[in-house]
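So the structure is just underneath, and the comments pick up after that.
Note that the structure is a prediction, hence the values are computed from the model and not measured. Lettering of chains follows the sequences in order, A, B, ..., and the numbering in each one begins at 1.
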There are 2 protein chains.
Amino acid sequence: MAQTTTSTLSGGTRTENLASWAANLKFSDLSEDVIQKTKDFFVDWLGCTIAGRHHPAVSAIARFASQMGPSSGKSELVDGSLNFTTSPAFASLVNGASSHVVEQDDLHNRSIMHPATVIYPAALAVAQDVGATGEEFIAACVVGYEVGCRVGEFLGKSHYERFHSTATGGVIGVAAATAHLLKLDAAQTLSAIGTAGTQAAGLWQFLMDATHSKQVHTGKACFDGIFAAYTARDGLLGTKDILEGPRAMGVALVPGTTNPEAIDQNLGTDYEVLRSSFKWHASCRHTHPSADALLKLMDKNGVAFEDIESVTTRTYQAALNVLGMTGRGETVHQSKFSMGFVLAVVAKKGQAMITDFTEDDLEDSSLREFQKRVNMELDPEIDRAFPEKWQGTVIVTTKSGKTFTESVEFAKGDPELPLTRDEIERKAHTLAAYGGFTDTGKVNQLIERAWNLEKEKNVDGFVF
Amino acid sequence: MAQTTTSTLSGGTRTENLASWAANLKFSDLSEDVIQKTKDFFVDWLGCTIAGRHHPAVSAIARFASQMGPSSGKSELVDGSLNFTTSPAFASLVNGASSHVVEQDDLHNRSIMHPATVIYPAALAVAQDVGATGEEFIAACVVGYEVGCRVGEFLGKSHYERFHSTATGGVIGVAAATAHLLKLDAAQTLSAIGTAGTQAAGLWQFLMDATHSKQVHTGKACFDGIFAAYTARDGLLGTKDILEGPRAMGVALVPGTTNPEAIDQNLGTDYEVLRSSFKWHASCRHTHPSADALLKLMDKNGVAFEDIESVTTRTYQAALNVLGMTGRGETVHQSKFSMGFVLAVVAKKGQAMITDFTEDDLEDSSLREFQKRVNMELDPEIDRAFPEKWQGTVIVTTKSGKTFTESVEFAKGDPELPLTRDEIERKAHTLAAYGGFTDTGKVNQLIERAWNLEKEKNVDGFVF
C-alpha cells in the first residue's frame, strides 16, 4: 500500500519544506534509476553488514541488545548465527554497528557521510516491524537518503572536521525514513526530525586511539532516529527548527558556514541517492582518489612497486584532517586511514580490497617502508571543488630519478563511475566470505530477492 | 559488598585520573555529610519523578519503552500505575524523563547542570538490575555526581550557552555511576566515559517553541550512559581522552574556554554532591535569585503586589540567554522560564510553588500585566561571580514613585541555604500530590526508607 496521507506545513522554514516532502513522497513518484540505485546500495549494504559481524564492538552491542531489549520481536539481525529477533530499535542498533566495520559501505560525496550504514538498518528493521512492502521500504530508504544527506550537506565541511556526519546527519535521515514507514504526517515528521537533531552526536576523537566509537555512532544513529519517530507518533513534540534555529544544529555544531539551500532546493527533482558513491577499495574513502590515480600512473607508465622512491599526493583539507589523525596505523582498521599504508597496499598488490588489510600486512616491512615515503599536500584547487568532487593527484618519483604525475577527476564507484551489478554482486560475495559466511547459494538468493525488492510483499528474511 | 577492585591508570591525563578515582571509590571513603546529602537529593528526586509522570513526553517515552524493550525485568518505574518492570536502560529512560518535567530537581551551581534527574534514575535502575545494596547505590550516586558535575564544569559557561549541560555532562556521570555498580576497573570505566562522551548531545532550541526535548535529554542521557558502561564491560573500547583530546568534547562542543582543572583537582577531598542546590521555587533556576530578592524586598519594605509599577532584575549573562528564549511563555512549562511571569507569580502569591503555575494563571491578566513591567539587565559583577555564585538584585519602582533595591547572595536551596529535612519531606509530599498520588502513608514509608538507605540490602520497591 502506498503512502496515502497528504499534509503540508506552511510555516515557511526550509526544514518544514523538507518534512512535508518526506511525509508525502510516494513510491510511484520515483523514477526507475532512483529505484535501481536504492536496490544497488541495499545489496552493497547487506554484504558490509555480514562482513562486520565478528568485530568486538558489534559483539558488545549485540549483548547489550539481548540484555536490554526484548527476547523476541519482528525485526531481524542480518547475522543469522546470533539467532534472535528483537524490536526495530535494537535490530538496527546491531546491524548499523556491523555494517560500518569494514569500511566498504557507500559514501555520499557532497555531505561527506555514509548513508547506507544508517538508513538501511533502520528502514529494514522498522519495515519488518510494521509489515511494510518492498515498495514502501524502498520509498522510505529514498526519504532517509534524501533527508540525511541534505542535512549533512547543510552542516557542511567545517562540521565534518569535528563530527562524524554519518551520525549527525544520519540520525535525522533515520528519523525521516522511520516516520515515512509509520505514515506520520508532515507535522509529526517535523517533530521526529527535531527530536533526532537534538540527539545528534559523534566525535572524531576515537580515530586518535583506534577505539570503537565508529560502530557506536552508526548503531546509535539508528536507535536514536527510531526513538525520535516512534515517540513523535505518540505525541512527543520535537523542536520545529532544529537545523536553522538560533539555538539549533547550524549554530551549535558548525564552526564555519552552513549551506542552507541544501535543505530544500530541488526537492523531488534531485535525488541524493543518485549522488552516493560505492566504495571499491576497503579503506577510508579519502584515500580512494589518490589510490586510483596511483594505479593509473603505474599502469600507464609501467612503474612497479619496487621502482617507487616516493609519492606525493595532492588532496583536499578534509582528507588531511581525517587521515592525519591515525598516525602509522597500529590496527587493521586504523591502517585503512593511513594514506601511506593504503598507497603501499595498492602499489604492491594492485588493489586494496578487504582481504588486502590483515595483521600480516601490518607487519610487512616492504609496506611499512613504502608508507614512510608517502606524503600528503594540500591542493587548493582540489580543495575548492570538494566535496562536490573528490579528486586526487599523485606525483611519483622513481628510484631511477624519473617523475610522473597523474590525476583522477572521479574515483571508481563515484556516481560518474558506478559499480556494475556484476561488480556489486562480486563485492557482496567477497564481503560475505570475509564475514565467514560460505553459503554462496544463500548469498545469491538474497541478492536475487533484493534485485526484485519492489515486488516483495514484505522485507523479512534478509538473514545470512 | 563494597567495591573491591583496585586499579589505577597511569597515562597521566586528567580523564584517566577521574576514571581511576571513580573505579576505586568505596562507600567507606564517604563522610557522613556526603552520605546524608546524597539521600536528601534522592528523596527530592523521588518527588520530582512522580510529579512529572503525566507529561505527554513521558507517556510517549513510556510507550517506546514498552514497544522496544522487554516485557519484564529487574528495574522498576517510579510511576507504579504503569505497572511494569523492564531493563535498566528503559526504566531509567522513563524515570529520567519524568523527573525533569516539573523543574523542581536539584541544580549544581558551578556546572550549571541538574545532576539528580540523570544520576538517580540510572543508578537506581542499574542497582536494581545487579542487586546492589543501599551502600553501593549511594557510592555509585556520589560517583555519578562527581564525574557528571566535573565534566559540566570543565565544559563551562560557553558550552551551556548552546547545550543542555545536564545531558552532555550527565551522560558521562551516568556512565561512571553505572560502571561503578558493574564494578568495572579503571580502564573499563575510562572506556565507558569515552563512549558516553561521543554520544553527548542536547540543544536549547526546544525552548524557542515549548517542545519536549528537555525530557528527551534527561531520559536519553540515562539510556546512553548505561549503554556506554554495559558495552565497556563487554569489550567495546571507548576513546581515552574524550574531554581534552584534539577532536574531543572540549574542542567540538565548547565555543569558549574550558576549565581543565575541574576534571580532577581535589578528587576525594571535595565532593560535588555537597555543592548542589535544591530548587524551592518551581521555575527555571535562573529566576530564583531574583525571586528571592523580590520577596525579601517586598517583606522588608511592606510593598504589595498592587503597589509595584516596575521591576528591574540585574543578573548574569546565562540567565539572559536562557530566559530570553521563551518569549511571553505560552505554556505552563514555558512560563517557568519567563522572568517576568515568575516574578509576577511570587509577587502576587508570595511563593512560586508547583501549584502556582497553572493554565488559569497563564490567563490571569494581573500576572500578564505585571510580567510586561519586568525587565532584565546584565550586572557585570554578578556575571563575573557566576556560576560559582548565583546572585540576584532587583530594583522595584512603586506606583507612588518610590524605588527600592534588594540583593541576595544565595538563593534558598543553595548549599549555603539548604532545605531542612522537614522542608524536603514537605516538598516531596507536595510533588506526589501534584502527580495525583494521594497515598501519603506510602509517601512517608518511601521517605523513611530513603533516610535509612545505607542499611538496605537492596534498593527495590521505590515505586509510588
Side-chain angles (χ1 to χ4, degrees), chain A residues 56-57 59-61 63-64 67-71 87-90 162-164 191 194-195 197-213 215-217 220 224 226-228 230-242 245-249 251-253 255 325, chain B residues 56-57 59-61 63-64 67-71 87-90 162-164 191 194-195 197-213 215-217 220 224 226-228 230-242 245-249 251-253 255 325:
Chain A
S59 304
I61 291 172
R63 179 145 186 229
F64 181 81
Q67 282 209 304
M68 299 293 166
S71 53
S87 61
F90 283 106
R162 296 175 173 188
F163 293 89
H164 188 190
S191 254
T195 298
T198 203
Q199 297 176 81
L203 302 171
W204 284 120
Q205 180 61 27
F206 73 92
L207 273 186
M208 314 291 298
D209 52 11
T211 44
H212 299 157
S213 310
Q215 280 64 60
V216 172
H217 297 166
K220 280 302 289 342
D224 298 346
I226 287 176
F227 171 85
Y230 276 77
T231 55
R233 179 197 64 186
D234 292 335
L236 191 148
L237 299 176
T239 188
K240 292 175 183 170
D241 202 6
I242 194 62
R247 304 279 167 154
M249 293 172 77
V251 171
L253 309 183
M325 273 186 275
Chain B
S59 305
I61 291 172
R63 180 146 186 228
F64 181 81
Q67 282 208 303
M68 299 293 166
S71 53
S87 60
F90 283 106
R162 296 175 174 188
F163 293 89
H164 187 190
S191 254
T195 298
T198 204
Q199 296 176 82
L203 302 171
W204 284 120
Q205 180 62 25
F206 74 92
L207 274 186
M208 314 291 297
D209 51 12
T211 44
H212 300 157
S213 310
Q215 280 62 61
V216 172
H217 296 166
K220 280 301 290 339
D224 297 346
I226 287 176
F227 170 85
Y230 276 77
T231 54
R233 180 197 64 186
D234 292 335
L236 191 149
L237 298 177
T239 188
K240 292 176 182 170
D241 202 6
I242 194 62
R247 303 280 166 153
M249 293 172 77
V251 171
L253 309 182
M325 274 185 273

Exercise. What option among A:Arg247, A:Gln199, A:Arg233, A:Lys220 has the most heavy-atom pairs under 4.5 Å with chain B?
Worked result: A:Arg247

For this session: Select one option (side chain, backbone, both, neither) describing which atoms of B:Ala57 are under 4.5 Å from chain A's heavy atoms.
Result: both

Exercise. Checking A:His164 against chain B: side chain, backbone, both or neither under 4.5 Å from a heavy atom?
Worked result: neither

Exercise. Side chain, backbone, both or neither: which part of A:Leu253 has a heavy atom under 4.5 Å from chain B?
Worked result: side chain

Problem set entry | For chain A, the option from B:Tyr230, B:Phe90, B:Phe227 that forms the most heavy-atom pairs under 4.5 Å | B:Phe227

For this session: Drop me the distance from A:Leu236's CG to A:Ser191's OG, to the nearest 0.5 angstrom.
Result: 7.0 Å

Problem set entry | Part of A:Gln67 lying under 4.5 Å from any heavy atom of chain B | both

For this session: Tell me, out of B:Met249, B:Met208, B:Gln205, B:Gln215, who's got the most heavy-atom pairs with chain A below 4.5 Å.
Result: B:Gln205

Problem set entry | Residues A:Asp209, B:Lys240: salt bridge by 4.0 Å N-O rule | no

For this session: With a 4.5 Å cut-off on heavy-atom pairs, point out which of A:Pro56, A:Ser213, A:Gly197, A:Ala232 contacts chain B the most.
Result: A:Ser213

Exercise. Side chain, backbone, both or neither: which part of A:Thr231 has a heavy atom under 4.5 Å from chain B?
Worked result: both

For this session: Sort A:Ala89 into side chain, backbone, both or neither according to what part of it lies under 4.5 angstrom from a heavy atom of chain B.
Result: both

For this session: Could you tell me which portion of A:Phe163 (side chain, backbone, both or neither) has an atom closer than 4.5 angstrom to a non-hydrogen atom of chain B?
Result: side chain

Problem set entry | Closest heavy-atom pair and its distance - A:Asp234, B:Ala60 | O-CB, 3.5 Å

For this session: Tell me, for A:Met68 versus chain B, whether the close heavy atoms (under 4.5 Å) come from the side chain, the backbone, both or neither.
Result: both

For this session: Return the set of residues passing side chain to side chain donor-acceptor pair (under 3.5 Å) with B:Ser87 (not counting sequence neighbours), or none when no residue passes.
Result: none

For this session: Kindly give the heavy-atom pair with the smallest separation between A:Ala200 and B:Ala201, and that separation in Å.
Result: O-CB, 3.4 Å

Exercise. Under a 4.5 Å heavy-atom cut-off, does chain B meet the side chain of A:Pro255, its backbone, both or neither?
Worked result: neither

Problem set entry | Choice from B:Ile242, B:Asp241, B:Ile226, B:Thr195 maximising heavy atom contacts with chain A below 4.5 Å | B:Asp241

Exercise. Side chain, backbone, both or neither: which part of A:Phe206 has a heavy atom under 4.5 Å from chain B?
Worked result: both

For this session: Measure B:Ser71 against the heavy atoms of chain A and call it side chain, backbone, both or neither at under 4.5 Å.
Result: neither

